[in-house]
Amino acid sequence: MTDSKYFTTTKKGEIFELKAELNSDKKEKKKEAVKKVIASMTVGKDVSALFPDVVNCMQTDNLELKKLVYLYLMNYAKSQPDMAIMAVNTFVKDCEDPNPLIRALAVRTMGCIRVDKITEYLCEPLRKCLKDEDPYVRKTAAVCVAKLHDINAQLVEDQGFLDTLKDLISDSNPMVVANAVAALSEIAESHPNSNLLDLNPQSINKLLTALNECTEWGQIFILDCLANYTPRDDRESQSICERVTPRLSHANSAVVLSAVKVLMKFMEMLPKDLDYYGTLLKKLAPPLVTLLSAEPELQYVALRNINLIVQKRPEILKHEMKVFFVKYNDPIYVKLEKLDIMIRLASQANIAQVLAELKEYATEVDVDFVRKAVRAIGRCAIKVEQSAERCVSTLLDLIQTKVNYVVQEAIVVIKDIFRKYPNKYESVIATLCENLDSLDEPEARAAMIWIVGEYAERIDNADELLESFLEGFHDESTQVQLQLLTAIVKLFLKKPTETQELVQQVLSLATQDSDNPDLRDRGYIYWRLLSTDPVAAKEVVLAEKPLISEETDLIEPTLLEELICHIGTLASVYHKPPSAFVEGSRGVMHKRLPARTGSGEGTECPDVGNAAGGSAPEAAPSIIPSQGDLLGDLLNLDLAPPTTTGPTPSTSGMQMGGMDLLGGGLESLVGTLGGDIGGSPAMGAGFGAAPAVMPASLNAPVGGGLGDLFDLGGGVGMPMGAYIPPKTVWLPAMKAKGLEISGTFARRAGVIQMELVLTNKAMSVMTDFAIQFNRNSFGLAPAGPLQVLTPLGPNQTIEVSLPLSTVGPVMKMDPLNNLQVAVKNNIDVFYFSCQYPISMLFVEDGKMERQVFLATWKDIPNDNESQFQIQDCHLNSEAASNKLQGSNIFTIAKRTVEGQDMLYMSIKLSNGIWVLAELKVQAGNPNYTVIELPASEIAAQINASEFKQQTDLNINCSEETVN
Amino acid sequence: MIGGLFIYNHKGEVLISRVYRDDIGRNAVDAFRVNVIHARQQVRSPVTNIARTSFFHVKRSNIWLAAVTKQNVNAAMVFEFLYKMCDVMTAYFGKISEENIKNNFVLIYELLDEILDFGYPQNSETGALKTFITQTGIKSQSKEEQSQITSQVTGQIGWRREGIKYRRNELFLDVLESVNLLMSPQGQVLSAHVSGRVVMKSYLSGMPECKFGMNDKIVIDKQGKGGEGATGQSIAIDDCTFHQCVRLSKFDAERSISFIPPDGECELMRYRTTKDIILPFRVIPLVREVGRTKLEVKVVIKSNFKPSLLAQKIEVRIPTPLNTSGVQVICMKGKAKYKASENAIVWKIKRMAGMKESQISAEIELLPTNDKKKWARPPISMNFEVPFAPSGLKVRYLKVFEPKLNYSDHDVIKWVRYIGRSGIYETRC
């Protein structure tokens, strides 16, 4: 007789039959009936109607039957709370049973029944069980406290169970200690500031002792808990490491990974010149390699973690390349991860081997894997310069295979190689061109078109090739259309005589027949550029591109540090912080690596412990603290005229300081990302500036015309009107659920533009963007809605230009040019603050009449005057004046006294305030003196240093203040 | 922690469902079925996130085991637990199959209740579990027995109970190695390693203290003052891991392996070596494409060990293209067959002595295709079993000492056996 028959009863009236059987007098029959009930429950049938009958079977001395009834209770008690109370008596009685197994069973089950009335009765038995003489009961009771906390946290605190639980950490039985640690760790997660675990050298010592004695699972709990501790100094750190390293030889991979986590974290504190540091590094490699001989699922977890470890400390595994070679029978998820790590470990020393392997993989079956392998070859070329040539020839071999997706992938990476090593491998272009017809993916088509455009002068039939694409212009994806437009313009500039017709055709296709604004805009820019000044067009379109850098997909450093603190966990598998996939308050604390401290100062900085333990999640520096009413206000922002009346956070000054620290890493990252995408975005950005400038040159009487602007650009190939600071990251993705915002401000054609780059680094699509500003010093406010028309998919980037008006509500900020911004999307509302350059506010009609200037100059009180020097500026007064004019700083008069040029200048701010300045330029002396006279008191706020900053940035030189 | 554990059959029907946490609902059971078991594509990851719920799964034959959570759990621990769960079930009722699971569902629920509490894995050593999860009730137990059970389950030596007695004290040591190789067509070793296990089967009375010694280079070099002459035969172990009975801190400090073993069988240690591996076989492939419809394959295997030893269960698997229409094989030794369903020629040899060589040649006829993609040429793989340890590992001693019962080391009968098997032993062609 077997139990499987219970799964097959599907008759009607089954419930009635079961009811009768449950109430049978025969024990065997009862038990059979309960089994049937559980089987039905398992397959998802609702058997809650049998509740009273099943509970009646609870009073039994048959442990097997009792356990089955308990299982039923745990499932249905919540839906039948009144009936569940019937069970309480049995539980309370069982908690007094002489058999420890039954006592434990009762307390374990009671904790799983989430009914208030039952939990009330649970407290007393639980208190007894926590002090039970039998360790089995105590270890079960310890977990029960965590269960109770999950149901009713307040009750647990009121009843003092937390203190009892803390006492259990000193229990004589290792398993009790381990469970108490696990329970406390979990409770502590929902009380970030409670200091529940209270880790100190004494308690750590106890844990380390228990570590040697408890089960494998207990060891994991303890190690994971240890990882939250921050030692006071390097000596303590070393002694803990020494006691944890033996765990690296444990057969359980999870124990090994948790030990690795503790070591990776505590290593941060060890001085690098310490002998022990080197020893530890050496000890870490073998266990990591051993993890790769585990079952595939564990290998996957291990590889995802190794990927992080390799990024953090490449030295650990740099000699272990071979173990990451892909085996033919590895599951695909293991193969892809191995490949990723191989590229990270690739260096000049092992590149030959790596390439041979990659070439082998490129002939495998799985399409994703093959593509990744081909892409990896390209990355090797970019990373290890010496190998570039071999990589290119390998790619050519692959192209010869004519396998469609291999060819396409190869062309995409070859484009990147051209970007990195321009004018070096052009000989392969002919081969590439042969495969033009087989390309059907937009990315590959775009890459090929880019190559044709970029090297048009060396491809005899470039015009024919591009023309062939032009036929189906409207069916192409935007990426290809944009690339085609640029490529044909490039071709025209290189071979103007033969391709005039072609360029006209593409321009009309792009501007007249397309409803894509990006394409139209770019088309118009080219058109005007070509018709106004072909020479300038050449400089712009054929400008030298910045080289792309080698590492492209590194994890951003702050995220990496956080993930290192989560080694072994899901976060390290997803490569996302826990807050990205855990709901509610749990695990949202940001963990950080500890700072290196010397042993001398160790005792004086207990703060380090707190901070790194994650107990004080310090406000993200660049984000405005989310204060209640500000939040409320901004939540119902819907592109209405800005009327925010939030309180001013007083910390804004400090925030800016913080932002730089954070921004540094991100910025470089964004830079590399941008650079990697290829020619088009860079060009796009260049032209984003162009259209706005052109009308300015026509309308504004002062503008020096297009030619001047290009001259000022100093041959960089970028049209330069007013000074535009480089884009900085305002809102890192970590702080905004995957939305990264970077940007800058510019003044174009008299309109202040906020130029934003939105990047979606989350996994879901973002839509419904809106933006709003807090009140600020100059009344800046969005002049229109944030134009993000298409939803922003994962890993997509969009550039948006937001025109600003200066008629919004005014409130003085500190610093004066601070701007607090709220951006909303379908996910959440995010806040950040940024600073705009004051020069943005200089208006075009800021040229003062000479007479007025003289009069005003005299009227301004001397107190307002400030003076400073600009050093190492090698422009003569003429050039400086021209350049400043681009930023609406107008020269009113100039006189020369004793070889010194004195320039008198005026600036008008958007709110009507005038600033007058005198600029002394001594021929041959690169140092300038600026005397500045704001014309009113408010303007005096624009103190010397700020003016200087602007001037200084405009002339691009370093400075030093005299005053 | 683990929020719930489900077991499904290949159709996606639930056989076992145990929920530990309130945040996991019944819909999680369906989410996994729909998104993973019934997914159209091949599984791309053993961890799946569906609607902010993470699913970990492993598959045993056609049974799916899935652990579910909504928290940032220790992922390595969850997988280790799932494997352990499989081990425990196998120890209780044999093979993990739909039939066995249905027949033992009450037992499985009882086990799940015991080894996972609120999602925290508890003692899962089969030895300990079998003392009190028996499916026969525990009425008969005396008070002493009960406390013995609980102290074993929670105790320092959770894997062994007191009071074991054997008339004959005996122990068996198996050194089981699998040798892995990836070789280029030109015979260059791309990667090779041995992953070995020392499996101990012990029938010893009382609480025996054991000490295990092998020709570990680090130990030998430490002792080796030229006296023993064994220095030449020592091996460099890259890394090793031990059963939880081994005192790790002692190994870390003195590199000595001391322990009190569980009764019966246990895997004492696992190790890995990469240096000076004896590769028992060398495969020399020769593939020639004759026109578009014919392929000539010649494979030579050479055995590379002492002539007095015999290798067994030798199997060479030569992959053939998908468009193979016919194959003619000639081999000097053993039997060779073309298996169309596996797209391979399988060549089997029962026994082969050391320092010998054998050869197979095959003519493969191909159907003409217009498939542009070339045949990927999977590597030639090999299986075998040899009666020595390819890593060179030697057991030097296993000392047994029982302080209470006072039987001496000499009274214990010890057996040692070495088996080297092929792991992934591939040669590209």
Side-chain angles (χ1 to χ4, degrees), chain A residues 2-4 7 35 42-43 62-64 67 71 99-100 108 114 134-136 139 143 146-147 173 175 182 212-213 215-217 220 246 249-254 257 286-287 290 293 297-298 300-301 322 325 327-328 333 363-365 401-403 568-571 573 578 581-583 586-587, chain B residues 14 16-17 22 44-47 49 52 54 58 70-77 79-80 83 99 102-103 105-106 109-110 113 117-118 120-121 123 132 135 137-139 146 150 153-154 156 158 191 195 238-244 248-249 251-252 270 272 372-374 376 378-379 424 426:
Chain A
T2 60
D3 283 351
S4 61
F7 282 87
K35 281 189 184 177
T42 300
V43 294
N62 182 323
L63 196 63
E64 192 191 1
K67 282 182 178 174
L71 191 64
N99 185 340
R108 185 164 70 208
R114 304 175 66 91
D134 195 292
Y136 183 76
K139 72 111 185 161
V143 177
K147 293 178 187 170
N173 184 294
M175 193 154 176
N212 287 323
E213 294 165 353
T215 64
E216 44 195 335
W217 314 114
I220 300 169
S249 313
H250 202 287
N252 186 314
S253 307
L257 267 179
T290 299
S293 41
E297 291 89 2
L298 265 176
Y300 175 71
V301 173
K322 274 190 179 179
F325 284 0
K327 294 185 187 128
Y328 190 73
Y333 50 81
T363 61
E364 283 217 26
V365 190
T401 63
K402 303 278 180 199
V403 178
T569 69
L570 264 181
V573 174
F581 59 89
V582 175
E583 275 167 356
R586 263 186 192 141
Chain B
V14 201
I16 297 285
S17 120
D22 200 38
R44 302 303 266 192
S45 159
V47 186
N49 193 322
R52 292 205 154 208
S54 299
V58 298
K70 283 210 166 187
Q71 299 178 23
N72 182 29
V73 298
N74 189 320
M77 185 185 79
F79 280 123
E80 282 284 4
Y83 302 142
E99 193 57 28
K102 280 184 170 173
N103 280 335
F105 81 97
V106 174
Y109 276 125
E110 201 176 339
D113 198 40
D117 190 6
F118 201 41
Y120 289 109
N123 193 338
F132 69 106
Q135 289 280 286
I138 48 160
K139 265 185 290 177
Q146 285 166 7
T150 57
V153 175
T154 59
Q156 281 189 30
S191 73
S195 54
D238 286 30
D239 188 36
C240 45
T241 59
F242 296 99
H243 184 268
Q244 55 171 324
L248 293 179
S249 36
F251 177 75
D252 197 53
R270 270 174 193 239
R272 188 169 44 83
K372 264 192 196 165
K373 197 172 176 310
K374 262 177 54 184
I424 294 165
E426 293 178 337

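A quick note: this is a predicted structure, and the numbers were derived from the prediction, not measured. Numbers restart at 1 for each chain; the letters A, B, ... are given by sequence-line order, proteins then strands.
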* Applying salt bridge (charged side-chain N to carboxylate O under 4.0 Å, His left out), run through A/K67 and B/D113 and close with a yes or a no. => CA-CA 9 Å; A/K67 282 182 178 174; B/D113 198 40; 5.8 Å; no

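With respect to chain B, the highest number of heavy-atom pairs below 4.5 Å among A/V301, A/N252, A/N212 belongs to A/N252. Per-residue counts of heavy-atom pairs under 4.5 Å with chain A were compared for B/V106, B/I424, B/I16; the largest is that of B/V106. Here A/P246 is the residue among A/A254, A/P246, A/P287 with the most heavy-atom pairs under 4.5 Å with chain B. With chain A as the partner, the residue from B/S54, B/S17, B/S191 showing the most heavy-atom pairs under 4.5 Å is B/S54.
Judged by distance alone, the side chain of B/Y120 and the main-chain N or O of A/A182 form a donor-acceptor pair under 3.5 Å.
Proximity to chain A (any heavy atom under 4.5 Å) is shown, for B/N74, by both the backbone and the side chain. For A/V43, the parts lying under 4.5 angstrom from a heavy atom of chain B are both the backbone and the side chain. Contacts of A/Y328 with chain B are made by both backbone and side-chain atoms, with heavy-atom separations under 4.5 Å. Only the side chain of B/F251 comes within less than 4.5 Å of a heavy atom in chain A; its backbone stays farther off. Using a 4.5 Å cut-off between heavy atoms, B/R44 contacts chain A through both its backbone and its side chain. With a threshold of 4.5 angstrom between heavy atoms, A/F581 approaches chain B through its backbone and through its side chain. For chain B, the nearby parts of A/K35 are the backbone and the side chain; heavy atoms of each come within less than 4.5 Å. For B/D238, the part lying under 4.5 angstrom from a heavy atom of chain A is the backbone only. Interface remark: A/L257 contributes side-chain atoms only to the contact with chain B (heavy atom separation under 4.5 Å). Using a 4.5 Å cut-off between heavy atoms, B/E80 touches chain A through backbone and side chain atoms alike. Proximity to chain B is limited to the side chain of A/K327, based on heavy atoms less than 4.5 angstrom apart.
Qualifying side chain to side chain contact (heavy atoms under 4.5 Å, CB included) partners for B/T241, counting only residues two or more places apart in sequence or in other chains: A/A251, A/T290, B/R270. In terms of the side chain to side chain contact (heavy atoms under 4.5 Å, CB included) criterion, residue partners of B/S195 (sequence neighbours excluded) are, by chain and number, B/S178, B/N180, B/H193.
The distance from the NE2 atom of A/H250 to the SG atom of B/C240 is 13.0 Å, given to the nearest 0.5 Å.
Between the side chains of B/N123 and A/T215, no donor-acceptor pair is found at a separation under 3.5 Å.
A/A571 approaches B/N72 most closely through the heavy-atom pair N-OD1, 2.9 Å. Shown here for A/V582 and B/Q71, the closest heavy-atom pair between the two residues is CG2-C, 4.0 Å.
The closest side-chain heavy-atom distance from A/P286 to B/R272 is below 4.5 Å.
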